[in-house]
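Letters go in sequence order (proteins before strands), and every chain restarts at 1.
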2 protein chains.
Amino acid sequence: MSSRQSIRDVAKAAGVSITTVSRVMNTVDYPVSAELRERVIEAARQLNYSPNRSAQSLRKNAVDVIGLIVRDIDYSYFGQIARGVTESALDQGCMAFVCNTGRKLEKEYAYHELLWQHRVKGIVIAGGGVADARYAEIVTRQTKRMQAAGLKVVALAPQGAEMPCLGYDHQALGRRMTEYLLGIGHQDIGFLAGPSSVVTSQRHVCGYRSAIEEAGGVFRESLVACGAFSEEGGDKTCRQLLDGSIPFTALCAGNDDIAIGAIHALRERGLRVPEDVSIVGVGNTPTSRYTRPQLTTFDTFRYQTGVRAVQYVLSEIPAAEWSENQIAAACPTPQLIERNSVAAR
Amino acid sequence: MSSRQSIRDVAKAAGVSITTVSRVMNTVDYPVSAELRERVIEAARQLNYSPNRSAQSLRKNAVDVIGLIVRDIDYSYFGQIARGVTESALDQGCMAFVCNTGRKLEKEYAYHELLWQHRVKGIVIAGGGVADARYAEIVTRQTKRMQAAGLKVVALAPQGAEMPCLGYDHQALGRRMTEYLLGIGHQDIGFLAGPSSVVTSQRHVCGYRSAIEEAGGVFRESLVACGAFSEEGGDKTCRQLLDGSIPFTALCAGNDDIAIGAIHALRERGLRVPEDVSIVGVGNTPTSRYTRPQLTTFDTFRYQTGVRAVQYVLSEIPAAEWSENQIAAACPTPQLIERNSVAAR
DNA sequence: ACCATAATAGAAACCGTTTTCTGATCATGT
DNA sequence: ACATGATCAGAAAACGGTTTCTATTATGGT
């Protein structure tokens, strides 16, 4: 009565073979007569039977699980991705392991191995890809191994990594942010980026730089500061810029959290946003609508990206066919949301 | 070369039996001679062997996985719990299924069944427990069944549900918030709660009410409004109160997101925080330090709670011995963080 | 009446491990 | 030299399902 019922128990209770039980549980109509079907279902219900996934997976050589690797699940950026991933996985009957690395390489390796051992169907990597040579090498090797075994890996990152990627162009976004500010009259623009070791940050700054230079300005190292992708990071990097000798009238932030931290820092120094300094963020987090001032930001559709990533991972599309077209179709271009943290000059 | 190597392949390569391979992989020293051990390890390395978890689980009748049920993983409240849960699970070699319900009962049932089929070691329920009679009944039944099978279930909720619980007393917190505001001279205090169907909200209001009444005030239905646990919810409920006929000088918010939304609403109506209206939140989210004004709030240590929940789930402590003492030890009392959203009257 | 065929149910093999049980080898004490 | 026990390795039985293959019965056409 207490412990777990197996398919044998059901078979015995229904007076049939386990083959029949299996067929009743798995196929909708074909190979069993209606009467037996009824008897089996009733027996299973009575015994509260539910199949053992480990056994199923072992025999079918297929596990209905995917892995999601994130840097910090408690950041809204990753939270939104995780929601997209878990929801759309569930739609297809899949569970998702959430793997939080906290930017620790050892953890990421450990998770890779664990996911591999679990024979997951696929892995969505969000916020891995630290620009560590050792890391890149190991992950690339791992990924190759996985793909060879039919496991789908997709990085929620701009193209370039040696695996299927799903991400908008961060460099283009850095450029757009800057051009937007230039376009409304700002000349002295700073960039508050994420960690310098993260490719996203590097590309942001890259795009920022090219926009500045193409507009005939000069790129100043000291108008760029790198820090954590958090309010605290934004607060610190902004103070850095304020303590520098170069004045600025506008700021790009690597994400909305950074922007919020920066606004805080500016306020503490007696500067008004957007009257004294304009600021534009990335992410369009729920909070960004409700800050003071409300944040002008670029929506990057993280939820959607999570959904799409799972669609790829659980599809039959082989990695090789994951072309640029599909990426473009799967990943909408960031969209400017104009609110009140930016003023024309 | 391509596909997955099994223990048999390793055995063949090393020229030993699969028994020996298994022993080498699993036991640290005992039953195998040093020479064979070396040979096996080398063979496994060469073949890139890693054990199949499904097979292990089937044989050992134990799965190194736990489930985490959350309402909205992209809310910092649940994100922090999830980080605590996943990190501390990994410390013990466990993976965690993250199950996002979005307040949908069907999803929660589906996840319960799935977790049960996967034979997970335990389940941490955060933000389930919707006050739906049908739900309560089903979940209670489910939980009983699970516990009978040795599966550990813990709800991150105040005591009272018919399962081991791990949570501070929400009613006491509602009371403390109110008393704090009363203590510094406020008389007309409103409460912006979460959804009325969520027990947490009900208890908050309960505590709020008793504090008001014990102070000799009268509880006014129309100074309480229920909405989503989000900025948007706070914005709406706050407007509701502002549109009411009863004036107020202070507000309690069910969480920090609500508080942020409320501040936004107040500002839009030309009211200043805290000069015109004081507001106190719950959660001490990262953002709360950087809003304007910085939020006075109660830290509820969600990360810690997640960690402790996993400690219980993966421990050998039977559900029956999960006493009130342990809960008290495991779950710190919320701590007031005084910042700038509250002013004395 | 009889044979071919379809429909249905069961027996047994298999998935990749762990673990029990058995067997061989070897050192040791008499 | 021989029994005794310790040490080490392998054979085989599980774990709980799915699936292939076989056997039985029912059906239908001549």
Side-chain angles (χ1 to χ4, degrees), chain A residues 3-41 43-44 47-65 93 114 116-121 149-150, chain B residues 3-41 43-44 47-65 93 113-114 116-120 149-150:
Chain A
S3 205
R4 249 99 157 177
Q5 307 293 338
S6 84
I7 199 173
R8 262 163 257 277
D9 301 311
V10 178
K12 195 176 298 172
V16 298
S17 76
I18 60 171
T19 312
T20 302
V21 177
S22 176
R23 285 208 266 250
V24 169
M25 305 303 286
N26 293 312
T27 63
V28 192
D29 32 49
Y30 269 12
V32 181
S33 74
E35 186 232 352
L36 272 202
R37 164 172 300 267
E38 192 45 48
R39 232 165 65 213
V40 169
I41 289 178
L47 293 175
N48 219 326
Y49 168 75
S50 79
N52 181 321
R53 288 267 171 175
S54 296
Q56 290 183 320
S57 302
L58 176 58
R59 175 59 227 236
K60 300 209 275 200
N61 192 25
V63 181
D64 278 339
V65 176
L114 244 22
W116 171 253
Q117 291 187 2
H118 277 281
R119 307 302 194 249
V120 296
K121 266 209 170 65
Chain B
S3 202
R4 248 97 159 178
Q5 306 294 337
S6 84
I7 200 172
R8 259 164 260 274
D9 301 310
V10 178
K12 196 176 295 173
V16 299
S17 75
I18 60 171
T19 312
T20 303
V21 178
S22 177
R23 286 208 266 253
V24 169
M25 305 305 286
N26 294 311
T27 63
V28 191
D29 32 50
Y30 268 10
V32 182
S33 76
E35 187 233 351
L36 272 202
R37 162 171 301 267
E38 192 45 48
R39 235 165 62 213
V40 169
I41 288 179
L47 293 175
N48 220 323
Y49 167 74
S50 78
N52 182 320
R53 288 267 171 174
S54 296
Q56 289 184 320
S57 301
L58 176 58
R59 176 58 227 236
K60 300 208 276 201
N61 190 27
V63 181
D64 278 339
V65 176
E113 175 61 20
L114 244 22
W116 171 254
Q117 291 186 2
H118 277 281
R119 308 302 196 248
V120 296

*Rounded distance in Å - NZ (Lys12(A)) to P (dG10(C))*: 15 Å
*At what distance, to the nearest 0.5 angstrom, does CD1 of Ile41(A) lie from CG of Leu36(A)?*
11.0 Å
*Keeping the roles fixed (side chain from Arg53(A), backbone from Gln117(B)), state whether a donor-acceptor pair exists under 3.5 Å.*
no
*Is there a side-chain contact between Ser50(A) and Arg119(B), using heavy atoms and a 4.5 Å cut-off?*
yes
*asked:* Can you give me the closest heavy-atom contact between Ala11(B) and Ser17(B), atom names plus distance?
replied: CB-C, 3.8 Å
_End-to-end axis angle, where each axis spans five pairs of the helix from dA1(C)-dT30(D) to dT30(C)-dA1(D), to 10°_ = 50°
*asked:* Just the rounded figure in Å: distance from P of dT25(C) to CG of Leu36(B).
replied: 15 Å
_If you define the side chain from C-beta out and look only at heavy atoms, does anything of Glu35(B) sit under 4.5 Å from Arg39(B)?_
yes
*Would Val65(A) and His118(B) count as a side chain to side chain contact (heavy atoms under 4.5 Å, CB included) if you check the C-alpha gap in whole Å, the side-chain angles of each, and the deciding distance to 0.1 Å?*
CA-CA 10 Å; Val65(A) 176; His118(B) 277 281; 3.9 Å; yes
*In whole angstroms, how far is the P atom of dA13(C) from the CG atom of Leu58(A)?*
17 Å
*Taking only side-chain nitrogens and oxygens of Thr20(A), does any of them come within less than 4.0 Å of OP1 or OP2 of dA9(C)?*
no
*Could you grab the distance from atom CD1 of Ile7(A) to atom OG1 of Thr19(A), nearest 0.5 Å is fine?*
8.0 Å
*Report yes if some heavy atom in the side chain of Lys121(A) is under 4.5 Å from a heavy atom in the side chain of Val63(A); otherwise report no.*
no
*asked:* In whole Å, I'd like the distance from the CG atom of Asn61(B) to the P atom of dG17(D).
replied: 11 Å
*Nearest-angstrom distance from the residue atom CG of Asp9(A) to P of dC15(D)*: 11 Å
*Mark up nucleotides 17-23 of chain C, 5' to 3', with B wherever a protein heavy atom is under 4.0 angstrom from a base atom, S wherever such an atom reaches only the sugar-phosphate, and - elsewhere.*
BBBB---
*Grab the CD-C1' distance between Glu38(A) and dT8(C) for me, whole Å please.*
18 Å
